[in-house]
Amino acid sequence: METEPLTSRLVGVINRQIQGKNLSVISVAEKTGIPHVTLRRRLTSHGRGLTVDEVVRIAAELGTTPAALVSQAEAAHG
């Protein structure tokens, strides 16, 4: 039984947090220094290419930690 990869679930968590905080991908990109096109691509391609550094910067902007984001993604297993 195949499950959704952790990176895909992590992207889902990040996208939900961005929406839940009424932020836009553009504003997150600007504040994290990640080019908008790059961030949009990472968040729509199941996390393909998402780097640890990007997760750290995104987590900081969302007011959380990378560990908390990964923990939520792990809890979304399935």
Side-chain angles (χ1 to χ4, degrees):
M1 179 173 176
E2 193 166 323
T3 60
E4 186 179 21
L6 180 61
T7 53
S8 293
R9 296 189 313 260
L10 179 58
V11 165
V13 168
I14 291 169
N15 279 318
R16 284 190 295 280
Q17 288 217 7
I18 289 171
Q19 292 172 353
K21 294 181 181 291
N22 293 320
L23 299 171
S24 69
V25 172
I26 292 173
S27 70
V28 172
E30 288 173 355
K31 291 180 179 178
T32 60
I34 302 168
H36 169 255
V37 173
T38 300
L39 185 57
R40 173 77 59 199
R41 184 175 57 246
R42 304 273 201 262
L43 297 180
T44 58
S45 64
H46 305 291
R48 197 171 125 232
L50 192 63
T51 69
V52 172
D53 183 59
E54 289 167 342
V55 174
V56 169
R57 291 193 272 165
I58 292 165
E61 180 56 31
L62 295 174
T64 190
T65 65
L69 293 174
V70 171
S71 179
Q72 291 174 44
E74 288 174 334
H77 189 314

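Remember, predicted model here, so these are calculated numbers, not experimental data.
To the nearest 0.5 Å, atoms CG (Leu69) and CG (Leu62) are separated by 6.5 Å. Summarising the geometry, atom CD belonging to Glu61 is positioned 11.5 Å from atom CD belonging to Gln17; distances are rounded to the nearest 0.5 Å. The line from CD1 of Ile58 to CG of Leu10 is 8.0 Å long, rounded to the nearest 0.5 Å. The CZ atom of Arg48 sits 12.0 Å away from atom CG of Leu50, with the distance rounded to the nearest 0.5 Å.
In this structure, the side chains of Gln72 and Arg16 stay at 4.5 Å or more apart for every pair of heavy atoms. In this structure, Val28 and Ile14 have side chains that are not in contact, with every pair of non-hydrogen atoms separated by 4.5 Å or more. For the pair Asn15 and Val11, the minimum side-chain heavy-atom distance is below 4.5 Å.
Follow the hydrophobic side-chain contacts under 4.5 Å out from Leu39 and you reach Leu23 in the same cluster. Linking Ile, Leu, Val, Met, Phe, Trp and Tyr whenever their side-chain heavy atoms come within less than 4.5 Å puts Leu6 and Leu43 in one cluster.
Of all heavy-atom pairs between Ala68 and Thr65, the closest is N-OG1, 3.0 Å. In terms of heavy atoms, Pro66 sits closest to Ala59 at N-CB, 3.5 Å. A pairwise comparison of heavy atoms in Pro35 and Ala29 identifies C-CB, 4.3 Å as the closest pair.
The one candidate from Arg40, Glu54, Arg42 that meets the side chain to side chain contact (heavy atoms under 4.5 Å, CB included) condition with Ile34 is Glu54.
Distance alone, capped at 3.5 Å, is enough to place a donor-acceptor pair between the Arg9 side chain and the Glu4 backbone.
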